[in-house]
Protein chains: 2
Amino acid sequence: MTNWAARLFARAIDRRLKEFGVSSGQMPVFFALGDGAALSQKALAAIASIEQPTMAATLSRMQRDGLIERRPDPRDGRSQLVALTPEAMEKALKVKEAGMSVNAVALADLTETEREQFLELLGKVITSLEKMLED
Amino acid sequence: MTNWAARLFARAIDRRLKEFGVSSGQMPVFFALGDGAALSQKALAAIASIEQPTMAATLSRMQRDGLIERRPDPRDGRSQLVALTPEAMEKALKVKEAGMSVNAVALADLTETEREQFLELLGKVITSLEKMLED
DNA sequence: CGTTTTTGCATAGCTTGCTATCTATATACA
DNA sequence: TGTATATAGATAGCAAGCTATGCAAAAACG
């Protein structure tokens, strides 16, 4: 069921963001860099809770589409700092709005109390699974 | 968060099923055919709530791995009936056990009442999203 | 009965996720 | 200081999703 819900979320978001040339997997990058910050690939992967190669692929596509720039990190020759391009910065608000509006639809049938419960229980499930996968 | 939870579920299941040569995306097929039934690809896709081409690809991999057989449907020249092979039937119990055990871990921190609530709220979220995506 | 529409599957092409492994640079320590 | 270890990214290869499209068989209908 979580898989089903996640796919529906992604489809709903992709549908809204398609006209801006943005897709659901790029949302965490927009959220992390939307204030103009520049972060390493590793930091972005940690924020999005995905593995490094997955983030590398997402950033490649975003670079291909002119959404991000990679600059060498002056303090670490292995690392690069990733930042949104000016064009992407302009889209950041739309991305945030798409996320909020899909969330609103998804939670439309829940009371305020139920929404809090849902998020809390989902958080507990995630914590339990993470703990199990740790080793 | 649903995306995160879904990925954790899949990873946990994949880890347990790897030794049997089975993966998480194949679970719905095992559940649908585990009693010896033979269903069409379309029916399987509907049960798994995935699109037909996705199910086609999953079935291709399962056929490659000797988990299913495809027989022509005597009543419809376009259709094929899919059934588990005897080897896969032997694995069906392990697949069910893996699913139940991961669910148990995921819900370990929830009371019985909370589990019911969680499933109910997740169901409402899915229903709302599905309704929105209908058109 | 023939034509049109519907339906079941296949295929192409893409994104997003994973694991495993490699390279090159930083860091630690003997 | 020089070697060993740790870390940041890159790359390969796979699974599982999706949309769009094409084809052939079935069903509907004039």
Side-chain angles (χ1 to χ4, degrees), chain A residues 2-19 21-29 38-46 48-65 67-68 70-82 129 133, chain B residues 2-18 21-29 39-46 48-65 67-68 70-82 129 133:
Chain A
T2 54
N3 173 280
W4 189 7
R7 280 158 36 220
L8 291 170
F9 268 109
R11 282 162 85 169
I13 288 169
D14 282 337
R15 201 174 281 194
R16 282 163 206 247
L17 290 181
K18 190 174 185 183
E19 63 175 303
V22 176
S23 58
S24 54
Q26 304 172 350
M27 284 188 60
V29 178
L39 298 176
S40 72
Q41 187 181 109
K42 181 185 174 66
L44 288 170
S49 295
I50 59 177
E51 299 300 320
Q52 170 262 321
T54 302
M55 181 54 76
T58 294
L59 292 176
S60 288
R61 286 186 291 268
M62 292 183 76
Q63 190 166 30
R64 176 200 64 192
D65 298 342
L67 296 172
I68 58 150
R70 292 161 136 140
R71 298 187 314 244
D73 183 340
R75 283 180 294 198
D76 190 333
R78 299 164 298 179
S79 182
Q80 294 179 333
L81 294 176
V82 178
L129 287 171
L133 286 166
Chain B
T2 54
N3 173 281
W4 190 7
R7 280 159 35 220
L8 291 170
F9 268 109
R11 281 163 86 167
I13 289 169
D14 283 337
R15 203 175 279 194
R16 280 161 208 248
L17 290 181
K18 190 174 185 181
V22 177
S23 57
S24 54
Q26 303 171 352
M27 285 188 63
V29 178
L39 297 176
S40 73
Q41 188 180 107
K42 180 185 176 66
L44 288 170
S49 295
I50 60 177
E51 298 300 320
Q52 169 262 321
T54 303
M55 181 53 76
T58 294
L59 292 176
S60 286
R61 286 186 290 269
M62 292 184 76
Q63 191 167 30
R64 176 200 64 192
D65 298 343
L67 296 173
I68 58 151
R70 290 163 138 141
R71 299 186 314 244
D73 183 339
R75 281 179 296 196
D76 189 332
R78 298 164 299 179
S79 182
Q80 293 180 332
L81 293 176
V82 177
L129 287 171
L133 285 166

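Throughout, protein chains are lettered first and strands after them, A, B, ... in sequence-line order, and every chain is numbered starting at 1.
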Side-chain N or O of A/N3 versus OP1/OP2 of D/dG17: is the shortest distance under 4.0 Å?
yes

Confirm from the modelled atom types if A/Q52 and D/dA10 form a donor-acceptor pair under 3.5 Å, side chain to base only.
yes

Go through the steps to decide whether A/L81 and A/D73 satisfy the test side-chain contact (heavy atoms from CB on, under 4.5 Å), and finish with yes or no.
CA-CA 6 Å; A/L81 294 176; A/D73 183 340; 4.1 Å; yes

Give the intermediate values and the outcome of side-chain contact (heavy atoms from CB on, under 4.5 Å) for residues B/M27 and B/L17.
CA-CA 10 Å; B/M27 285 188 63; B/L17 290 181; 4.1 Å; yes

Nucleotide D/dC18, atom P - distance to CZ of A/R61 in whole Å
17 Å

Roughly how many Å is it from CE in B/M55 to P in C/dA10, rounded to a whole number?
12 Å

Closer than 4.0 Å, any side-chain N/O of A/Q26 to the OP1 or OP2 of C/dT15?
no

Report which part of the nucleic acid B/Q41 touches: base, sugar-phosphate, or nothing (heavy-atom distance under 4.0 Å, all strands).
sugar-phosphate

Please give, in whole Å, the distance from C/dT16 C1' to A/E51 CD?
13 Å

Report yes if at least one side-chain N or O of A/R64 is closer than 4.0 Å to OP1 or OP2 of C/dT15; otherwise report no.
yes

Return no unless some side-chain N or O of A/T58 is found under 4.0 Å from OP1 or OP2 of C/dT15.
no

Does A/R7 form a side-chain contact (heavy atoms from CB on, under 4.5 Å) with B/I50? I'd like the steps, not just the answer.
CA-CA 9 Å; A/R7 280 158 36 220; B/I50 60 177; 3.5 Å; yes

Where the side chain of B/A56 is defined as all heavy atoms beyond and including C-beta, which of D/dC18, C/dT15, C/dT11 is the nearest nucleotide?
C/dT11

For A/M55 and A/L44, work out which heavy atoms get closest and say how close.
CE-O, 3.4 Å

Please determine, for the side chain of A/S40, which listed nucleotide (C/dA10, D/dG9, D/dG17) has the closest atom?
D/dG9

Position toward the 5' end of DNA chain D (nearest nucleotide), B/P53 or B/D65
B/D65

What is the distance, to the nearest angstrom, from the CH2 atom on B/W4 to the P atom on C/dC18?
12 Å

Contact list for DNA chain C against residues 70-79 of chain A - heavy-atom distance below 4.0 Å:
A/D76, A/G77, A/R78

From CD of B/Q80 across to C1' of C/dA10 the rounded distance in Å is 10 Å

Once you round it to whole Å, what is the distance between C1' of D/dT11 and CG of A/L59?
15 Å

In whole Å, I'd like the distance from the CD1 atom of A/I50 to the C1' atom of C/dC18.
11 Å

Taking any heavy-atom pair under 4.0 Å as a contact, classify B/R11: base, sugar-phosphate, or nothing.
sugar-phosphate

Closest to the 5' end of DNA chain C, once B/K42 and A/D14 are matched to their nearest nucleotides, is B/K42

Which heavy atom of B/P28 sits nearest to which heavy atom of B/S24, and what is that distance?
CD-O, 3.9 Å

What's B/S23 touching, base or sugar-phosphate or nothing? Going by heavy atoms closer than 4.0 Å.
sugar-phosphate

Would one find a side-chain N or O of B/T54 under 4.0 angstrom from OP1 or OP2 of D/dC18?
yes

Between B/R11 and A/L129, is there a side-chain heavy-atom distance shorter than 4.5 Å?
no

Is any side-chain heavy atom of B/V82 closer than 4.5 Å to one of B/Q63?
no

Whole angstrom is fine here: how far is it from CZ in A/R7 over to P in D/dT19?
10 Å

Do you see a donor-acceptor pair shorter than 3.5 Å between the side chains of A/Q41 and A/Q52?
yes

